[in-house]
Structure formats: C-alpha cells, structure tokens
Amino acid sequence: MLVLGIESSCDETGIALYDTEQGLLAHRLHTQMAMHAEYGGVVPELASRDHIRRVLPLTEECLAAAGKRLGDIDAIAYTQGPGLAGALLVGTSVANALAFALDKPAIGVHHLEGHLLSPLLAQPAPAFPFVALLVSGGHSQLMEVDGVGHYTLLGETLDDAAGEAFDKTAKLLGLGYPGGPALSKLADKGDPTRFKLPRPMLHSPDLDFSFSGLKTAVLTLVREQPQLDEQTRADICAAFQEAIVDVLVGKSLKALKQTGFKQLVIAGGVGANRQLREQLDAAAAKRRFQVFYPPLEFCTDNGAMIAFAGAQRLKHAAHGDGSFTVKPRWDLHNLPAA
Ligand code: KG4
Ligand code: ZN
C-alpha cells in the first residue's frame, strides 16, 4: 500500500511517499524559517499562504523521485491537528480533494502521533511497549506507548514546552529564530560551569516539567551581566542547555523506572539536540536500557512521519463522505486505538 503523507501544521511543508512493503520511497521538505526569521517567530497567515505554494510542487517532486504516479497512491495521510488552523487547512483540503478525486481514503493524523512513531522509521526500531519523551516547540510530554493509538500520558509541562524554552531563551540572548539549533551551537563554545541555573521540578515526585522559571532565571542572569559579550552569551547558553537536558534526562529515567520498561524513544524537534542525545546515550549504557531516536532529519516536522503514522492507521480508515475538519487543539491521549 502506498501512502502519501502531507504535513502543514506550522512552518514546514513536508511531503512523503511511504510504502507498507518497501518503506519510505521519497520525501521532500520546504522550511519557511527564512521567511519568518525577520518577524522573530511564525506569522500564521504567511505560513498558510506559503503551504499553498509548496504542497503540490513538492508532491510532484516526490512522485517523480519514487517513479510513481498519482493513480498509484492507495491513501492520503495528512496532519489534521494540532497546529495553526489556517496552515492545517491547506494540507487537509489538498489531501481530501485528492482523496475524493482518486476515490481513496484520506486519513487525518495527529501531529504528535507522527512524532511519537517517527523513531520506527529508523533501524533498529523499538518494539512496543516503550516510554516516549516528546519534546517539540509546542509540547513536552512523557508517554507510555503500548501500541499504535495506545498512549498514556505520564507527565507533561505545566507551562512552556522544552523547544519553546530554547526559542524564548535564544531570543532573549539575541540569537535568531528558531532558537533551539542556534542556542545549541553557541553552547558548544561555552563553559557550562560559569553560571549555575535551576533544574525546575527535577526532584518532584511526578513526571511533570516546568520550564518558564528557567527562562526567567536566564533573564535575571542577563540583566546582572555588566556586558553581554560573545563568551558570556555562550556560557549562558551552555548553562541553560545543561539545566534543561538534566531535567529531561532525569524525568525520562524516572518514567522508565515507574513503568519498568527498558526502551526509551525520543521524538520532536528538541530530540535533535546533541547534548541531550549524548547524555541519554551515557545513561542508557550505564543503566542498561535502550534509547531510540528518529533519523536526525525526521526529528523536526516532516511528511515522512505523517505518511508512516497514516500507514499504521490505514487498515482502519473508512472512506469519508468528502467533508473534513481540522483540529487545531487535540489531545494525543484521547486517540482511538488502531
Ligand atoms: O517538532 P518540531 O519541529 O515542531 C513542533 O512540532 O513544535 O520542534 C521544533 C522545536 C523548536 O522549538 C526548535 O527550537 C527545537 O525544536 N529544536 C531544537 C534543536 N533543533 C530544533 N532545540 C534544541 N536543540 C536543537 N538542536
Ligand atoms: Zn512537530
């Protein structure tokens, strides 16, 4: 079965073709980062308009790269939510129009389920059940994953998401958008021991997170500095990164202990963070659990994870009546089982 995946929930147009027998055949991505950079964040209206420009040419590119034609597609998976309503509507309407024209099912995919299952696109892939740490620009959650659609929320952020904390701290330090990669790059040149930042909720008995206090601690630190030279900014970045990574690793270990599982899966944009990966790998070696990451290019938003998640749900998809909605707000733990 050949599944076309369409991702358009935020500032990336991602298209992919996933074959249930042969795996991923082709994928294309257009990021709008440069377009939004001058505004310091995503401008929803610009995002929607750009998705309209990109979605069909990228689909044609994917089909050509895979040597397939529209008629070969068995189902169209699209991000139905959560995300920006206007941006979601672009992928959703294209997917449903194509499905209607081809008389094939359109499958609405939960964006976070796409992230959650994305490590299954790598080899070796984890087997169910596992604990997933989902850390993106909008979400920070620990989930127990017992199968496709069997998700139990173990803990989540009470305020900012991890990626959001990276982005806001980067902005505060005058780094570009998106802040995560920029902050992480500058942190490589910094000394993490010069400044000491708090590890919010690291020792709380639950599996929740809180990152807004960390951002405020950085703000206070910045204000205390007589001058914010390049080395000072790098040292603050290193201290911030170390604090947030300590918390993410600490809570992930606690979730493994609580569930008794031996597999940890990392998903979402912050999963691209090198220090997080190094620290998790070190903990895994020491404590004898396995840690799985999506391929680096599929950590941030992409079409491959949507095509893949859609393929997992394909057997249960019914032909719709041509009507559709988007779900800008949508809880992952209320999804039906596949
Ligand atoms: O999953 P994603 O592409 O989009 C959402 O669904 O939110 O995640 C984007 C987030 C941004 O906040 C970005 O700053 C962060 O992931 N990010 C990183 C890194 N690469 C992306 N954060 C820390 N280190 C990175 N290397
Ligand atoms: Zn995402």
Side-chain angles (χ1 to χ4, degrees), residues 5-14 16 29-33 36-37 40-42 44 47 51 78-84 87-88 91 109-119 121 132-141 156-157 160-173 175-188 190 209 211-212 214-215 237-238 240-249 265-280 293-306 308-309 328-330 332:
I6 303 178
E7 155 64 30
S8 73
S9 67
C10 190
D11 58 347
E12 258 114 20
T13 319
L29 187 81
H30 175 78
T31 177
Q32 305 173 354
M33 262 176 216
H36 297 296
V42 178
H51 286 307
Y78 61 97
T79 305
Q80 192 176 7
L84 302 171
L88 288 167
V109 171
H110 193 295
H111 180 80
L112 295 182
E113 180 172 52
H115 277 303
L116 202 65
L117 300 179
S118 62
L121 282 163
L133 172 69
L134 211 118
V135 270
S136 69
H139 295 83
S140 295
Q141 298 180 332
E156 64 183 334
T157 182
D160 291 351
E164 192 181 356
F166 267 100
D167 293 340
K168 286 179 175 171
T169 305
K171 201 169 183 177
L172 219 136
L173 291 166
L175 304 174
Y177 160 86
L183 191 152
S184 174
K185 202 166 158 215
L186 190 53
D188 285 344
F209 307 95
F211 296 117
S212 75
L214 189 54
K215 175 195 65 197
C237 286
F240 169 83
Q241 182 171 256
E242 198 176 77
I244 203 160
V245 166
D246 273 357
V247 175
L248 294 175
V249 172
V265 156
I266 310 300
V270 181
N273 186 272
R274 196 166 50 82
Q275 200 189 340
L276 176 66
R277 287 178 175 231
E278 284 174 6
Q279 228 164 288
L280 282 170
Y293 309 96
L296 208 53
E297 60 187 329
F298 300 145
C299 272
T300 45
D301 292 349
N302 64 86
M305 67 182 193
I306 301 305
F308 180 76
R329 299 173 74 86
W330 189 7
L332 180 62

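As the structure lists them, so they are numbered: ligands from 1, and atoms in each ligand from 1.
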- Has His111 got an N/O/S atom less than 2.8 Å from the Zn ion (ligand 2)? yes
- Task: Show which atoms of ligand 1 fall inside a sub-4.0 Å distance from at least one heavy-atom site of Asp167.
- Result: 11 (C), 12 (O), 13 (C), 14 (O)
- Query: Which of the atoms of ligand 1 are close to Gly163, meaning less than 4.0 Å from one of its heavy atoms?
  - Reply: 12 (O)
- With a 4.5 Å limit on heavy-atom distance, are the side chains of His111 and Asp301 in contact? yes
- Message: Between ligand 1 and Gln241, can you find any atom pair, the residue atom being a heavy atom, that is separated by under 4.0 Å?
- Response: no
- Side-chain donor or acceptor of Asp11 paired with backbone N/O of Thr31 under 3.5 Å: no
- Below 4.0 angstrom from a heavy atom of Thr300, which ligand 1 atoms are there? Numbered from 1 as shown, please. 3 (O)
- Message: Looking at His139 and Gly163, would you say the former's side chain and the latter's main chain have a donor-acceptor pair under 3.5 Å?
- Response: no
- heavy-atom search around atom 7 (O) of ligand 1 in the protein gives Gly137 N, 2.7 Å
- Enumerate the atoms of ligand 1 whose separation from the nearest heavy atom of Gly138 is less than 4.0 angstrom. 7 (O)
- Message: Please evaluate residues Asp246 and Gln279 with respect to the criterion side-chain hydrogen bond (donor to acceptor under 3.5 Å, both in side chains), reporting the C-alpha separation (whole Å), side-chain torsions for both, the decisive distance (0.1 Å), and the verdict.
- Response: CA-CA 8 Å; Asp246 273 357; Gln279 228 164 288; 2.8 Å; yes
- Message: Once you measure the plane-to-plane angle for Phe209 and Phe211, does it fall in the parallel (<30°), tilted (30-60°) or perpendicular (>60°) bin?
- Response: parallel
- One finds that the ligand 1 atoms under 4.0 Å from a non-hydrogen atom of His111 are 6 (O)
- Task: Specify the protein heavy atom at minimum distance from atom 2 (P) of ligand 1: its residue, its atom name, and the distance to 0.1 Å.
- Result: Asp301 OD1, 3.5 Å
- Message: Please determine whether Cys10 has a backbone or side-chain N, O or S atom lying under 2.8 Å from the Zn ion (ligand 2).
- Response: no
- Find all atoms of ligand 1 within a distance of less than 4.0 Å from any non-hydrogen atom belonging to His115, and give their numbers and elements. 1 (O), 6 (O)
- Query: Parallel under 30°, tilted from 30 to 60°, perpendicular over 60°: which one fits the rings of Trp330 and His110?
  - Reply: tilted
- Note on the structure: If you scan protein heavy atoms around atom 17 (N) of ligand 1, the nearest is Gly269 O, 3.6 Å
